[in-house]
Number of protein chains: 2
Amino acid sequence: MFSKACEYGIRAAVYIALQSLDGRRVSVNEIAEEIDSPIAFTAKILQQLSRNNIIHSVKGPTGGFEIAREDMDAVKLNMIVKAIDGDKIYVGCGLGLKECNAQKPCPLHDKFVDIRTDLSKMLKSTSLFELATGLEVGLTYLKR
Amino acid sequence: MFSKACEYGIRAAVYIALQSLDGRRVSVNEIAEEIDSPIAFTAKILQQLSRNNIIHSVKGPTGGFEIAREDMDAVKLNMIVKAIDGDKIYVGCGLGLKECNAQKPCPLHDKFVDIRTDLSKMLKSTSLFELATGLEVGLTYLKR
DNA sequence: TAAATAAAGGACATTTTTGTCCGATTAATG
DNA sequence: CATTAATCGGACAAAAATGTCCTTTATTTA
């Protein structure tokens, strides 16, 4: 569904949000450790998220990554997915046809649109804050 | 969503089914031409489908690929997907966690299960025959 | 102001996916 | 029985995704 990069990106963003709720800024090393991901690869992904203004980075000692409380509400999963995987999840034919639309649909078009609409709605309506608070109260987990 | 191999596999299977409805056995070359896919790569995928008894192959002159009328009903999309992509679409965590289940869910677990259940239902309930007949009456397309 | 710390970024390495080529095998037909 | 047409299968090639290493840049603090 998502690329590895995107999986790490979402997990990292949720972890950063969780720590930011406690006012803690976190380093790539801590993030990679806590979400069980490759450090350098995770660093690249965090750069992408930072460039897309999804998370905020601070250089130098005491630096690291953080997310403002308001941004946790504003940032929805679809923004993270788009920043990392582009819009290929939302766009294009399920069977790989170049042209596929209601006028000239592939055999799976309608059924595919249904699934994708649901996925899209879910991603657009799920905020980082929602995911981070689930973690905070111990309902969900990020590791293993 | 699906790998390229799986996209080609589904398109090929639908085309073979369509032609089999007319009693025509088709060659890899014709299939690749008609579904606009790389020939040799398509041949590999057809071998996989053949080994999994999803399509039937006949060697030698007048040979090619075909699907019996009964099999078009029996073969559902999930069987093709499984033969080519394995069960990674149905199994495993959306965020890539090794352990992720109702007892120890990732932050996206429940929402992911919903989407995947829908996808799974759709694939399990869609037969090759259904897709081939849509093509036959000109409601859907396989190329471009 | 020097040292230390952390992200940024470029180059490179590995693995997986996608795709190609060619000889071997099978079967129909003249 | 030779020729030809088709799939089968293995080895190879190219491209994309994943992952690593190392240098540079920014910033804090002693």
Side-chain angles (χ1 to χ4, degrees), chain A residues 1-13 15-16 19-20 24-67 81 83-86 88-89 92 95-96, chain B residues 1-13 15-16 19 24-33 35-67 81 83-86 88-89 92 95-96:
Chain A
M1 189 81 87
F2 304 129
S3 67
K4 276 284 161 200
C6 196
E7 290 177 0
Y8 297 147
I10 295 173
R11 276 150 61 190
Y15 180 74
I16 295 167
Q19 296 304 319
S20 288
R24 294 190 63 237
R25 199 181 271 165
V26 287
S27 71
V28 176
N29 287 276
E30 176 179 338
I31 295 169
E33 169 69 23
E34 290 301 319
I35 69 172
D36 194 28
S37 68
I39 299 179
F41 192 43
T42 304
K44 298 286 180 197
I45 297 160
L46 292 173
Q47 282 179 44
Q48 286 187 269
L49 294 182
S50 182
R51 275 195 293 267
N52 281 273
N53 298 309
I54 287 169
I55 60 180
H56 180 235
S57 75
V58 179
K59 277 186 171 184
T62 78
F65 296 90
E66 63 192 2
I67 304 180
V81 174
I84 299 175
D85 282 348
K88 65 183 167 189
I89 278 203
L95 296 187
Chain B
M1 190 81 88
F2 304 129
S3 67
K4 275 286 161 197
C6 196
E7 290 177 1
Y8 296 149
I10 295 173
R11 275 151 62 190
Y15 180 74
I16 295 167
Q19 295 305 318
R24 292 190 63 237
R25 197 181 276 163
V26 287
S27 71
V28 176
N29 286 277
E30 176 180 338
I31 295 167
E33 169 69 25
I35 70 172
D36 195 27
S37 67
I39 299 178
F41 193 42
T42 304
K44 298 285 180 197
I45 297 160
L46 292 174
Q47 282 179 42
Q48 285 187 269
L49 294 182
S50 182
R51 276 194 293 265
N52 282 273
N53 298 310
I54 288 169
I55 60 180
H56 181 234
S57 77
V58 179
K59 276 186 168 185
T62 78
F65 296 89
E66 62 193 2
I67 304 180
V81 173
I84 299 174
D85 282 348
K88 65 182 168 190
I89 278 204
L95 295 187

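No experiment lies behind these values; they were computed from the predicted model shown. Proteins get letters first, then strands, A, B, ... in listed order; numbering begins at 1 in each.
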- Note on the structure: Letter by letter from the 5' end, nucleotides 19-30 of chain C scores (B base, S sugar-phosphate only, - none; protein heavy atoms under 4.0 Å) BB----BBBB--
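Closest contact between the side chain of B:K88 and the listed nucleotides D:dT18, C:dA7, C:dT17 involves C:dT17.
Looking only at side-chain heavy atoms (C-beta outward), A:L49 and A:I16 stay at 4.5 Å or farther from each other. Considering only heavy atoms from C-beta on, B:D36 comes within 4.5 Å of B:R11 through its side chain. Here the side chains of A:E30 and A:Y15 are in contact, with some heavy-atom distance below 4.5 Å.
Residues satisfying the side chain to side chain contact (heavy atoms under 4.5 Å, CB included) test with B:K59, not counting sequence neighbours, are none. By the side chain to side chain contact (heavy atoms under 4.5 Å, CB included) test, B:S50 is found to be paired with B:I55, B:S57, residues two or more places apart in sequence or in another chain being considered. Residues satisfying the side chain to side chain contact (heavy atoms under 4.5 Å, CB included) criterion with B:D85, sequence neighbours excluded, are B:F2, B:S3, B:C6, B:V81, B:K88. Applying the side chain to side chain contact (heavy atoms under 4.5 Å, CB included) criterion to B:R51, with sequence neighbours excluded, gives B:Q47, B:Q48.
Rounded to whole Å, atom C1' of D:dA6 lies 12 Å from atom CD1 of B:I31. Look at CG on B:N52: it is 15 Å from C1' on D:dC8, rounded to the nearest Å. Summarising the geometry, the separation between CD on A:E66 and P on C:dA7 is reported as 11 Å, rounded to the nearest angstrom. Regarding A:L46, its CG atom lies at a distance of 14 Å from the C1' atom of C:dG9, rounded to whole Å.
Contacts of B:R25 with the nucleic acid, taken as non-hydrogen atoms under 4.0 Å apart, are absent.
Here B:Q47 does not reach the OP1 or OP2 of D:dT7: none of its side-chain N or O atoms lies under 4.0 Å away. Phosphate proximity of D:dC8 to B:R51: absent, as no side-chain N or O sits under 4.0 Å from OP1 or OP2. Considering only side-chain N and O atoms, A:S27 lies nowhere under 4.0 angstrom from the phosphate OP1 or OP2 of C:dT5.
In this structure, the helix from C:dT1-D:dA30 to C:dG30-D:dC1 shows an angle of 10° between the axis at its start and the axis at its end, each fitted on 5 base pairs and rounded to 10°.
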